[in-house]
Amino acid sequence: MESCVSIDSLSINVYSEIGVLKKVLLHRPGKEIENLVPDYLGRLLFDDIPYLKVAQQEHDKFSDVLRENGVEVLYVENLIADVLNDDNIKNEFIEEFLNESGIILPVLKDALKEYLLSMNTEEMIDTIIAGIRKDDVKLKNVNSLSGIIKDDYPFYLDPMPNLYFTRDIGASIGNGLSISRMKTEARRRETLFIKYIHKYHDLFKDANIPLWYDRTMPFSIEGGDELILSDEVMAIGCSERTSSEAIEILAKNLLNGNTSFKKILVFEIPKARSFMHLDTVFTMVDYDKFTIHSGIQGTLSVYEISNGMDGTLKYRNDTNSLENILSNALGLDYVELIKCGGGDPIISGREQWNDGSNTLAIAPGVVVTYERNYVSNELLEKRGIKVLRIPSAELSRGRGGPRCMSMPLVRESLR
Ligand SMILES: NC(=O)NCCC[C@H](N)C(=O)O
């Protein structure tokens, strides 16, 4: 349960999806977006190339709305810069980052290390996130075959265009943290940032923040699949990105650990790009209200994981209606599922594709949404939800919405 210290001094405290948001981690899109090229869009998990200048203006509007509502906005790039100002930690990070980038040829590794260390910390971080093009680095006396016969791949280090979807790199659960094992190579290195911030940043390093999951585990799980429905119940999507094995390991650590969590609802959703995470089709907007994409309702299976008395886990396939599963789990008489885009399959399809279901609650009944999903937004307002719209034409090309772009660190607990 919530500790007795004041909310502001807590480093991680997230026991719901809707508690007043006090502290959140974002990444402002940078030059990595301009290193997206048509040939590699699919592998880098993008469907189009955002116009960086406008994407940044939209993201600044997002952070303004959060600050205007009392949220302290932290940026990944600033926290990791704080950490890497220590030369030893910087060297450790660069070593690990280059290894994970597949840079194993010693001459190339040394040349890239020298290139990165020639910059100040902030520039180095921007460069690492943006990617390093072969044209950027004149590799001095690299007498290796690959230095002579170059293939036509333009990068030494791939860009990290998905970093502005900070939701996925980790999940604050209770007073602890699940550091993701990302499903795809394209996003795997992103979690190095959260690893080093958790391990070395003054905000976290002495706070004994338990790790419920770690990036070294072999089974993938991503934060977009991890929803905190209450201080006792989580919903976790078994999806294109999150494996049942990872869910089981996380469940053991939460249900058998000394946490407040008693039950995990596993939502088995179609393994499809547009439904890549549970939060692209299902988010919580109030004590008893959720948005949902009608396209998954017929195909959804829900399995409940709870504590067996002997330290094992119990599994049950819950065939009740989703409304009943949620109201039972949350001890409510009734919950309302608000269909993203209404019932119309064309409108729902369009608005779900542009993350109409991916709302970010900043307080009970108050959500941030993409303005482009106007049908879903009006439906939410008709159901009594306060909707704070942000511009989204460029940000949405990355296939994520306001919840995807934010990693809550502190929310006021609901009770
Ligand atoms: N929680 C989320 O739904 N995040 C959206 C991630 C979009 C990103 N282009 C990806 O495919 O991973």
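The first residue of the sequence shown is numbered 1, and numbering continues consecutively from there. Only this structure's heavy atoms are used, side chains among them; waters, hydrogens and symmetry mates stay out. Order of appearance sets the numbers: ligands from 1, and atoms from 1 within every ligand.
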Could you tell me whether Arg43 and Asp158 have a side-chain N and a carboxylate O separated by less than 4.0 Å?
-> yes
Have a look at Arg397, Arg241, Arg399, Met276 and point out the one with the heavy atom closest to atom 12 (O) of ligand 1.
-> Arg241
Please check if the side chain of Thr259 supplies one atom and the backbone of Leu254 the other of a donor-acceptor pair under 3.5 Å.
-> yes
Within less than 4.0 angstrom of ligand 1, does Arg403 place any heavy atom?
-> no
Basic-acidic side-chain contact under 4.0 Å: Asp47, Arg399 | yes
Heavy-atom nearest pair, Tyr196 first then Glu96, reads OH-OE1, 2.6 Å
Exactly one candidate in Val37, Leu36, Leu44 meets side-chain contact (heavy atoms from CB on, under 4.5 Å) with Pro159; the answer is Leu44
In ligand 1, the atoms that come under 4.0 Å of a heavy atom of Asp168 are 1 (N), 2 (C), 4 (N), 5 (C), 6 (C)
Which of the atoms in ligand 1, numbered in the order shown and given with their element, are less than 4.0 Å from a heavy-atom of Gly224?
-> 1 (N)
Atom indices of ligand 1, in the order listed, that fall short of 4.0 Å to a heavy atom of Cys404 = 1 (N), 2 (C), 3 (O), 4 (N), 5 (C)
Nearest neighbour in protein (non-hydrogen) for atom 8 (C) of ligand 1 | Asn162 OD1, 3.1 Å
Say whether His277, considering both its backbone and side-chain N or O atoms, lies within less than 3.5 Å of an N or O atom on ligand 1.
-> yes
Does an N or O from Arg167, backbone or side chain, lie closer than 3.5 Å to an N or O of ligand 1?
-> no
Could you tell me whether Asp286 and Arg383 make a salt bridge, using a distance below 4.0 angstrom between a side-chain N and a carboxylate O?
-> no
What are the two closest heavy atoms between Leu227 and Glu17, and how far apart are they?
-> CA-OE2, 3.3 Å
Measure the distance from atom 7 (C) of ligand 1 to every protein heavy atom, then report the residue, atom name and distance (to 0.1 Å) of the closest one.
-> Gly398 O, 3.3 Å
Which atoms from ligand 1 have a heavy atom of Thr280 less than 4.0 Å away?
-> 3 (O)
Which of the numbered atoms in ligand 1 are below 4.0 angstrom from a heavy atom of Asp279?
-> 1 (N), 2 (C), 3 (O)
Taking Thr312 for the side chain and Gly308 for the main chain, is one N or O donor matched with an acceptor at less than 3.5 Å?
-> no
Element-labelled atoms of ligand 1 that are located less than 4.0 Å from some non-hydrogen atom of Arg273 = 11 (O)
